[in-house]
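Down below is the structure, laid out as structure tokens.
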Amino acid sequence: MTRTRLSLWLAALAIVVLVPACAKKKVQAPPPEVPPAAVQPEQPATEVEPRDQGAVVDQTPDPLAGDIVAVNEYVTRNGLLGDVYFDFDKADLTEESRSRLAKNAEWLRAHPEFEVRIEGHCDERGTNEYNLALGERRAAAAMGYIASLGASAGSLTTLSYGEERPQCGESSEGCWARNRRAHFLITGRVAR
Amino acid sequence: MRSSSAIYPLCLLVVALAAAQTPPPETTAPPPVAPQGITVVLDRSSQVPIVTLAFPAIPGTSALPGTAANAARELEQTLRRDLERSGIFELLGPEQLGVLTLTGDLERDADQYRSLGAAMLLAAEVELEGDRLVLEGRLVDLASRQTIVGKRYRGTFDLARRIAHTFADEIVLFLTSKRGIAMTAIALYSDRDGHKEIYMMDYDGYDQRKVTAHQSISMSPSWSGQGNTIAYVSYFGGKGPALYLADIASGKKSPLVTEGTFNASPSFSPDGRRVAFARALGANIEIFVCDRDGSGVRRLTNSGGIDMNPAWSPSGQEIAFTSSRSGSPQLYVMDAEGSNLRRVTFEGEYNDGASWSPDGTRLAYATRVDRSRFDIAVLDLVSLAAKRLTAGSGSNEAPSFSPDGRRIAFTSSRAGGTQIFAMSVADGSDVEQLTREGSNWAPDWSAYLR
């Protein structure tokens, strides 16, 4: 087998391996700024040695098998678990947040092996104490909806940061809107 | 002016201040009795400065060697600020008194002071006794020329501020029959070192020191009524908000309530035996209470939505808190067992952060004025009439009454970031910024410390 033919063969293999994953992801509507194709270049070609066996062996590193920081980065980058945003002073779910939560629920149903924490956040404009409660309400609203869609409630917990850990530090409408959110964080794997 | 004990020979008490860390014992001598014909009893409810006090420069300072002179100057400045801050004096200092030609003889000088409107004179002297500073001070009634408070304190240089605070508190106690607050402390949380930690400081913002070092988020400090313990919230250990106790003397931290995902807003009962707090049951946040060791957790409220931020009344009989049960955050008061619930705020779309006045008749709180601004208001619990103390100066939140009921500590964005200020309860005047490093939140004024 020449180098060229090996490369072609690998390209074909990559398509076989990645197409089902992509097909699955299409439902999830990743955020526009990060196309799901970004995962493709991660496989080191030299590690694939298909001549050893008759059947095709997929040795692509499983992005969900690594450490938890990398898993979180992967699911965020690919829009598998996304943040849910709230109106000013509210913990009610909007149509937009319900549709985002439906996508999160779909991924969580497919991955019951993860423990997930839903973190509730607020913008800086309420009082610190009341915002702590509001953040808990937001996280609980997101968790309740996810659970109603069949995602395993046993591996889901809530945590409110109120206004104590904003992701955006400026005092502007744009920042405030980004800070009023429920964030999904994978914290570990369910013990078997 | 120069004075000597031969001229004003009344009630000269000697209190030696030890250099130890612990506060000096209060003087055990009985308070001096006002001589006949002197009317110094002030209306306790009065919040305006009603005594004009002449306080000339303390003589003797410039004759002291370097470090002693610095300590003496610190003592004098501290004493002046303590008396101003007490809210019962209008001070005439060296500048205003400069127009007088004083003789040093009180009989002849008294009428000169009175010509400027002064009713009393604070005559003080500092001197050195070995490595100790000695303050001898007299509060003189200018009409009768009689000394009504006379004190002598001795302490090492590092106790200069404490000597001033002790004397100021004695003067206020004598004139109002209520102790001054110069020896009280304020707990807070701050991000100045990169993490949100609990701190404490003297009531005037001096000596800010760290209470926690969890390197996480620690917030919502609440003093016990005895001033020896702070209950607070922390996220350390990767957990959600949970309750802990910090023992001030030993520095020891211990868990109070850590079960569940959300335990917040601790408030000590005045006797220090119980703690009220908020706990989440799913999306429903309710007020709970537990014993000081974390046992005996029981629920006090039962409503959908948010019940948050309890504040125990000074009598221990009632708890104020914030509830969204009407559709917006409003203040409610209930008995400490959860009965007799009543709503107390009806104006404003968002009220939170109740702090009781020490006599239990009023609540200070933050009321929203627009989407990004709150002001501090004080509510009379009988008439339910509210009076606003701040206006047009940033967002103002988290009020906390001083134990004499004359001042309120609060947070404000008026100077950039969030900083802690204190102001007069009477009219929101005499505003003083107490923190400047990082951002600072949630001041909780201690009771009188022992």
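Naming: A, B, ... by sequence-line order, numbering from 1 per chain.
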What is the minimum heavy-atom distance between [X] and [Y], and which atoms define it?
X	Y	result
A:Trp176	B:Ser372	CH2-CB, 4.4 Å
A:Glu129	B:Met308	O-CE, 3.1 Å
A:Leu132	B:Ala264	CD2-CB, 3.7 Å
A:Arg125	B:Arg371	CB-O, 3.4 Å

Flag the one option from [options] with the top tally of heavy-atom pairs under 4.5 Å to chain A.
options	value
B:Ile217, B:Asp191, B:Thr411	B:Ile217
B:Gly305, B:Gly240, B:Gly282	B:Gly305
B:Ile285, B:Ile306, B:Val233	B:Ile306

(message) Just so I know, are the side chains of A:Glu136 and B:Thr261 near enough to count as touching, which here means a heavy-atom distance under 4.5 Å?
(response) yes

Side chain, backbone, both or neither: which part of [X] has a heavy atom under 4.5 Å from chain A?
X	result
B:Thr418	neither
B:Ser395	neither
B:Tyr189	side chain
B:Ala280	side chain
B:Arg373	neither

Is chain B contacted by the side chain of [X], its backbone, both, or neither, given a heavy-atom distance below 4.5 Å?
X	value
A:Arg117	side chain
A:Tyr161	both
A:Asp89	side chain
A:Ala133	both

Greater than 12 external heavy atoms within 6.0 Å of [X]'s [atom1]:
X	atom1	value
A:Gln167	CD	yes
A:Glu170	CD	no
B:Lys210	NZ	yes

(message) I need the A:Arg165 CZ to B:Tyr235 OH distance, nearest 0.5 Å.
(response) 9.5 Å

(message) Distance check, rounded to the nearest 0.5 Å: A:Leu134 atom CG versus B:Ser324 atom OG?
(response) 9.5 Å

(request) Go through the steps for A:Tyr130 and B:Glu397 under the test side-chain hydrogen bond (donor to acceptor under 3.5 Å, both in side chains), then give the verdict. (result) CA-CA 12 Å; A:Tyr130 197 79; B:Glu397 301 174 30; over 6 Å; no

